[in-house]
2 protein chains.
Amino acid sequence: MLSSTSAVPRSEQPSAGLPSTCHACPTREHCLPAGLDPAALHSFEHTVERRQHLKRHERLYRYGMPLEHLFIVASGQIKTERPMPDGRPQVLGFYLPGQLLGLDALSSHTFCSDAVALCDSTVCAISYAMLTSLIQQRSTLLLRFHALFGTELARQQSNMLLLGNAKAPQRLAAFLMDLATSHHAPAPPAPSFELRMSRDDIASHLGLALESVSRQLTQFRAAGLLEVQNRRIELLDADALRAIAISS
Amino acid sequence: MLSSTSAVPRSEQPSAGLPSTCHACPTREHCLPAGLDPAALHSFEHTVERRQHLKRHERLYRYGMPLEHLFIVASGQIKTERPMPDGRPQVLGFYLPGQLLGLDALSSHTFCSDAVALCDSTVCAISYAMLTSLIQQRSTLLLRFHALFGTELARQQSNMLLLGNAKAPQRLAAFLMDLATSHHAPAPPAPSFELRMSRDDIASHLGLALESVSRQLTQFRAAGLLEVQNRRIELLDADALRAIAISS
DNA sequence: CGCAAATTTGACATCCCTCAAAATTGGTGG
DNA sequence: CCACCAATTTTGAGGGATGTCAAATTTGCG
């Protein structure tokens, strides 16, 4: 396997190992407990066993580990990747604050991927056992859970469509627009953001060679669509990029 | 990719759309209600509002339709596809008896794909409202539901890996082996089966041109790995195909 | 400041898609 | 039962997009 850092996350930086305050959480309205009434929210907070801090490149879970918790990104950014026989892991997806992590463990009750922090991050660890028992009592929570589930499925479907159909320019444009819109909201006027992942990660996720990603960025810049300075992206013509992304 | 759970014949034509008899269903042990005790199974049967027959090429649901039922394939075979702006739909997946259909509607409560019968088929229509309410009372059912959900996610992840990494021979080999194992019971001795989908469907699903699929089949035949007679496939060297499928 | 990692750029090879046409299959009606 | 037509599948030739290999450049970090 890979270099052996201890399998399980071991950096529960205690600062907030406390009763997880969903109330104060900035992502609350986009998170699993969105829409719960105060009583239900209070119950839900008990399923959050801890808040957990991850340093950059730290692993939250690994392929094959038993499912005990699901995770929600509270801050930072996480990638999931599948270790492949040739040693080169394939990136499956990127997760931003509010998104639910670990659903691929639901069938076998072991994780089917590794989760790695792209930058210093925080996650809420939710006991799956407690969650299921709470779901039995709160229909709102059941629906929320299924909604997130469906969202995850939809994301993967979109990815399949991209990988199956699209050429390199479309893939990258779609990726960037995705990131720009979901990457919380400096709104339309200031379309500028920082890529937290490497060119290699992007390439793997898009089914391209990293050189192709680099070249494509260069071309976008040459065409005046964006400005790129290492990992900082500034969108100059979001409409054009969007058009490229959806062009068949 | 077709993976996991169904090793079931697919030739029964249930008589009529009557009170859904899960007891007698050949796919019962691989289906959503697997593992339920008799009382729970009885309750579950109430969520099956009807059995529904589909003729070849008939549509079960369409993109944008509101979610009212989830569906389980009882016999036959179904494909899901996303209508694309250029008019050419992209195939998302194939569904065999016992598999759950419609999960991509969970987030928006409208279907994100079309479902089309590849041959005359039967499905059980399950009221989503009744299912959610029953789930609140039966923890076994909740776990089963999430397990199927996880299976679906895993299938899509496998597909992403295939589309992102693999060359044409690997894609097709993986597809065929998947079909061979999940298709029906004859097991290793009789590796012969009928493709229910067109070359075009396969190509779309694998992110290839249909000509490439055809050519690749020809090459496999030339190499003595299989015999192909129109849509009938006979595996001559399953081990070799499996090796190709997993070769990086 | 200096080294290792990440990114960019260039040249070339190759896989696969596109276009085109022939061959086969399946279905329909005479 | 056979003829005929449309749809599907196979086969061929050629070109384009992208992967691979290699090297230069920049960035990050100690």
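The chains referred to below are lettered A, B, ... by the order of the sequence lines, with proteins before strands, and numbering in each begins at 1.
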Give the rounded distance in Å between these two atoms: [atom1] of [X] and [atom2] of [N].
X	N	atom1	atom2	result
I244(A)	dA17(D)	CD1	P	14 Å
L172(B)	dC15(C)	CG	P	16 Å
K55(A)	dC29(D)	NZ	P	14 Å
K167(B)	dG19(D)	NZ	P	7 Å
R232(A)	dA6(C)	CZ	C1'	18 Å
Q216(A)	dT9(C)	CD	C1'	14 Å
I202(A)	dG19(D)	CD1	P	14 Å
Q229(A)	dT7(C)	CD	C1'	14 Å

### Query
With Y63(B), which residues qualify under ring pair (Phe, Tyr, Trp, His ring centres under 6.0 Å), at least two apart?
none

### Message
Can you list everything that forms a ring pair (Phe, Tyr, Trp, His ring centres under 6.0 Å) with H205(A)? Sequence neighbours excluded, please.
### Response
F94(A)

### Task
Would you classify R56(A) as touching base, sugar-phosphate or nothing, given that sugar-phosphate means primed atoms plus P, OP1 and OP2, and contacts are heavy atoms under 4.0 Å?
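Since only primed, P, OP1 and OP2 atoms lie under 4.0 Å of R56(A), the category is sugar-phosphate.
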
### Query
Taking protein heavy atoms under 4.0 Å as touching, what does nucleotides 2-14 of chain D look like 5' to 3' if B marks base contact, S marks sugar-phosphate-only contact and - marks none?
------SSBBBB-

Check side chain to side chain donor-acceptor pair (under 3.5 Å) between [X] and all other residues, then give those that pass, not counting sequence neighbours.
X	value
S113(B)	D104(B)
T110(B)	S108(B)
T218(B)	none

### Heavy-atom side-chain contact between E58(B) and D120(B) under 4.5 Å
no

### Task
Enumerate the residue pairs fulfilling salt bridge (charged side-chain N to carboxylate O under 4.0 Å, His left out) with a member in residues 239-248 of chain B, sequence neighbours excluded, ordered by first and then second residue.
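Every salt bridge (charged side-chain N to carboxylate O under 4.0 Å, His left out) pair that includes a residue of residues 239-248 of chain B, provided the two are not neighbours, is D239(B)-R242(B).
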
### Query
For the helix from dC1(C)-dG30(D) to dG30(C)-dC1(D), what angle lies between the axis at the first five pairs and the axis at the last five pairs, to 10 degrees?
50°

### Query
Which one of R59(B), K79(B), R82(B) satisfies the salt bridge (charged side-chain N to carboxylate O under 4.0 Å, His left out) criterion with D114(B)?
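In the set R59(B), K79(B), R82(B), the residue that makes a salt bridge (charged side-chain N to carboxylate O under 4.0 Å, His left out) with D114(B) is R59(B).
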
Would you give me the side-chain donor-acceptor pairs under 3.5 Å for residues 219-229 of chain A, sequence neighbours excluded?
residue : atom : partner : partner atom : Å
R221(A) : NH1  : V228(A) : O            : 3.4

